[in-house]
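Right, one structure below, let's go through it.
Sequence lines set the chain letters: A, B, ... in the order given, protein chains first and strands last, and positions in each chain run from 1. Because the structure is predicted, anything quoted here is derived from the model rather than measured.
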Amino acid sequence: MKKIINDPTTIVADALRGMALAHPGLLRITEDPAVVARADAPVRGKVAIVSGGGSGHEPLHGGFVGPGMLDAACPGAVFTSPTPDQVQAAVTQVDGGAGVLLVVKNYTGDVLNFETAAELVAADGIDVRTVVIDDDVAVRDSTWTAGRRGVGGTVLLEKIVGAAAESGADLDTCERLARAVVGNVRSMGIALTAPTVPHVGEPSFTLAEDEMEVGIGIHGEPGRSREPLADADAIVAALLDPILDDLPFAEKSRVLLFTNSMGGTPLLELYLAHGIAERMLAERGITVERRLVGPFITSLEMQGMSLTLLRLDDELTALWDAPVRTAALRWGA
Amino acid sequence: MGCDAGAVAAAIREAAAVITEHRDELVRLDQAIGDGDHGENLKRGFGFVVARLDESTPDTPAAVLKLVATTLISKVGGAAGPLYGTAFLRAATALGDGPELTPELISTALRAAVDGVVARGKAEVGDKTMVDALVPAAKAQGSTVGEVLRAAADAAEAGAESTVPLVARKGRASYLGERSAGHLDPGARSSALLLRSFADST
Ligand SMILES: Nc1ncnc2c1ncn2[C@@H]1O[C@H](COP(=O)(O)OP(=O)(O)O)[C@@H](O)[C@H]1O
Ligand SMILES: [Mg+2]
C-alpha cells in the first residue's frame with residue numbers, strides 16, 4: 001500500500017483537520033463525533049439538509065456542505081456508515097427550527113444507523129424526515145437483494161434539495177423534491193482497478209490487466225460481472241444501455257448527464273468518455289441540458305467511472321442552476 | 001464462574017480479546033463478499049467497550065450489557081453496529097435488574113437479542129447473514145449457564161458454516177448475487193466467535 005498517511009486508524013480525523021484549515025469561513029468541523037457543518041449554521045427558519053456516509057468518497061459528502069447544498073455531513077470511518085450519535089450531533093448543530101431532511105444512500109448500514117438517529121432526533125422534538133436514494137441500476141431485483149445502492153444520483157439530489165431549502169422551501173417541499181430526484185435518476189459504474197482501504201492495506205479485490213468490473217459500487221465491493229477490458233466506446237455503452245433501459249429516458253427527454261471519476265481516472269479520460277456519452281445520447285434524441293464532469297463521488301484511488309442520468313423538468317433545472325458555494329461545487333455565489 | 005456483573009464484564013473483555021485476535025480473519029471474509037470493514041469495525045467498537053469498563057464496572061449484568069450496547073451503537077457504524085447494539089440492548093432489557101444470571105435468564109436474553117436483530121435487519125434464516133448463526137443459537141437450553149452458552153455456541157458455529165453455500169439476500173453481499181455463494185458470511189462468523197467466547201468464559 002502506498003498512501004500519504006501517518007496512521008491508518010486516524011486518517012479520517014487527520015483529513016478533517018486539514019479540511020477545516022483549507023476552508024475557513026465556509027466550514028465548521030468538530031471531531032468527536034465527526035461533523036462537517038456550515039460555518040453559519042444553524043440558519044434560522046431554513047430547512048436543514050443533513051447527509052453522511054463512509055469516508056473515502058470525497059468530495060462526497062463534506063465537500064458539498066455550504067450555502068445552497070448541505071447544512072452538515074457526517075463522515076464515518078472509511079467505507080463505513082456514520083453512527084447515530086454523529087447524525088444526532090449534526091442535526092442538533094444545524095437545526096434552524098424548520099425541520100431536517102436526512103439524505104441516506106441505500107446501504108444496510110447507512111439505513112440502520114440513520115434510522116436509529118432519526119428516532120433519537122424525533123425524541124428531541126425535531127421534525128425529521130428521511131429520504132433514501134437508490135439509483136444504481138447494476139443491482140437488480142430488490143426482493144433478492146438489499147435493494148439498489150445509492151451512488152452518483154446522491155450528488156445531484158443534495159444539490160437540488162439544498163437549493164430548494166436555501167430558497168426557503170418548507171420541509172414537505174424539500175422531501176417531495178428529494179423523492180422526485182430519486183424517481184428520475186439512474187446510475188451505473190465500472191472499475192478498472194480496486195481501491196485499497198487504509199486499515200486493510202491491500203486492494204479490495206484483484207482485477208487482471210485485461211479485465212474490468214462492470215456494475216461496481218463505491219466501496220470496493222465487487223460488481224455484477226467481470227468482463228474483458230474494452231475500449232471507451234464499449235465502456236460508455238455498457239454504462240448507458242442499462243440506465244436507458246431502466247427508466248424511460250425517451251426521445252426528447254431532457255437530462256442532466258453526470259460523468260464521474262471514481263478517483264483514479266484522470267480528467268483526460270473522463271472528458272473523452274463524457275464526449276462519447278453525449279454523442280450516444282444525441283443519437284437517441286435525448287437532450288443533454290446540463291452536465292457535471294469530474295471526481296465527485298469516488299472510491300478512494302479506484303480507477304473507473306460512473307454515469308448518472310437525471311430526467312429534468314423546469315423546476316429541477318432551475319434548482320440545479322441556483323447558486324451554490326461549497327468546497328467542491330461552486331457557481332453563481 | 002459466578003454470574004454477577006463482574007463475571008459478565010470479564011466475559012465481555014474476553015470477547016473483545018477474541019474479536020481482536022480474529023480481526024484479520026473477519027476483514028478477509030468481508031473483503032470476499034462485502035467491503036472489508038467488519039473486523040476493523042468490531043475491533044474498534046469492542047476496544048471502546050473495554051475502555052469504558054476500565055472506567056467503571058456497572059453493578060448488574062444488565063447494566064454491563066447496556067453499556068456494551070450503547071457503545072457499539074455509537075462507535076461501530078456499518079450494518080453490524082446497530083445490529084449487535086440492538087442485540088445487547090434487548091438482552092439487557094430481558095435480564096431485568098437481578099444481580100445474578102440464571103440458565104433461564106440466559107435463554108430468555110438470547111431469544112430477545114436474536115428477535116431484536118431480526119426485527120431491525122429483517123433478514124430470515126437462509127439470507128446469509130448473522131441471523132443464520134443467531135436463530136439456531138437462540139433455541140439453546142440447559143441446566144447451567146455454561147450448558148446454555150455451550151449449546152448456543154455449537155448451534156451458532158453450525159449455523160455460520162451453513163452460510164457458505166448460500167446466495168446472500170441481505171446486506172452488502174447481496175449485490176454479488178450468485179457470486180456470493182462459496183463464502184462464509186463475516187457477520188455469522190463473528191456471532192459464532194462471540195458466543196463461543198462467552199461459553200468459554202463460564
Ligand atoms: N439485514 C441484515 N440483517 C442481519 N444481518 C445483516 C444484515 N445485513 C448485513 N448483516 C450482517 O452484517 C455483516 C456485515 O457487517 P459490516 O461489514 O460491519 O457492515 P457493512 O456491510 O455495512 O460493511 C454481514 O456479514 C451480515 O452478517
Ligand atoms: Mg462490511
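Atom CG of residue D132(B) and atom OG of residue S162(B) lie 5.0 Å apart, to the nearest 0.5 angstrom. Here the OG1 atom belonging to T196(A) is positioned 7.5 Å from the CE atom belonging to M1(A), to the nearest 0.5 angstrom. A distance of 4.5 Å separates CG of D154(B) from CZ of R196(B), quoted to the nearest 0.5 Å. To the nearest 0.5 Å, atoms CG (L194(B)) and CG (L42(B)) are separated by 7.0 Å. The line from CG of D136(A) to OG of S306(A) is 9.0 Å long, rounded to the nearest 0.5 Å.
For a residue to count as touching a neighbouring chain, one of its non-hydrogen atoms must lie under 4.5 Å from one of that chain's; by this rule P8(A) does not touch chain B. For A123(B), no part lies under 4.5 angstrom from a heavy atom of chain A.
Put simply, of A79(B), G39(B), G36(B), the one with the most heavy-atom pairs under 4.5 Å next to chain A is A79(B). The residue among V197(A), V200(A), L112(A) with the most heavy atom pairs within less than 4.5 Å of chain B is L112(A). When E178(B), R23(B), K122(B) are compared by the number of non-hydrogen pairs under 4.5 Å with chain A, R23(B) comes out ahead.
When the heavy atoms of residues 80-96 of chain B are compared with those of chain A, the residues falling under 4.5 Å are P82(B), L83(B), listed by number. Within residues 72-85 of chain A, the residues having any heavy atom under 4.5 Å from a heavy atom of chain B are, by residue number, A77(A), F79(A), T80(A), S81(A), P82(A), T83(A), P84(A), D85(A).
The nearest pair of heavy atoms linking R44(B) to V76(B) is NH2-O, 2.9 Å.
A salt bridge does not link E202(A) to K2(A): none of the charged side-chain nitrogens sits closer than 4.0 Å to a carboxylate oxygen. Note on D54(B) versus R13(B): salt bridge recorded, some NZ/NE/NH1/NH2 to OD/OE distance being below 4.0 Å. Salt-bridge annotation for E124(B) and K170(B): absent, with no side-chain N of the basic residue lying under 4.0 Å from a carboxylate O of the acidic one. In this structure, D246(A) pairs ionically with R186(A), as a charged nitrogen and a carboxylate oxygen lie closer than 4.0 Å.
Here Y107(A) and H219(A) bring their ring centres to under 6.0 angstrom of each other.
Checking each of N106(A), V155(A), V185(A), V104(A) against I133(A) for a side-chain contact (heavy atoms from CB on, under 4.5 Å) leaves exactly one that passes, namely V185(A).
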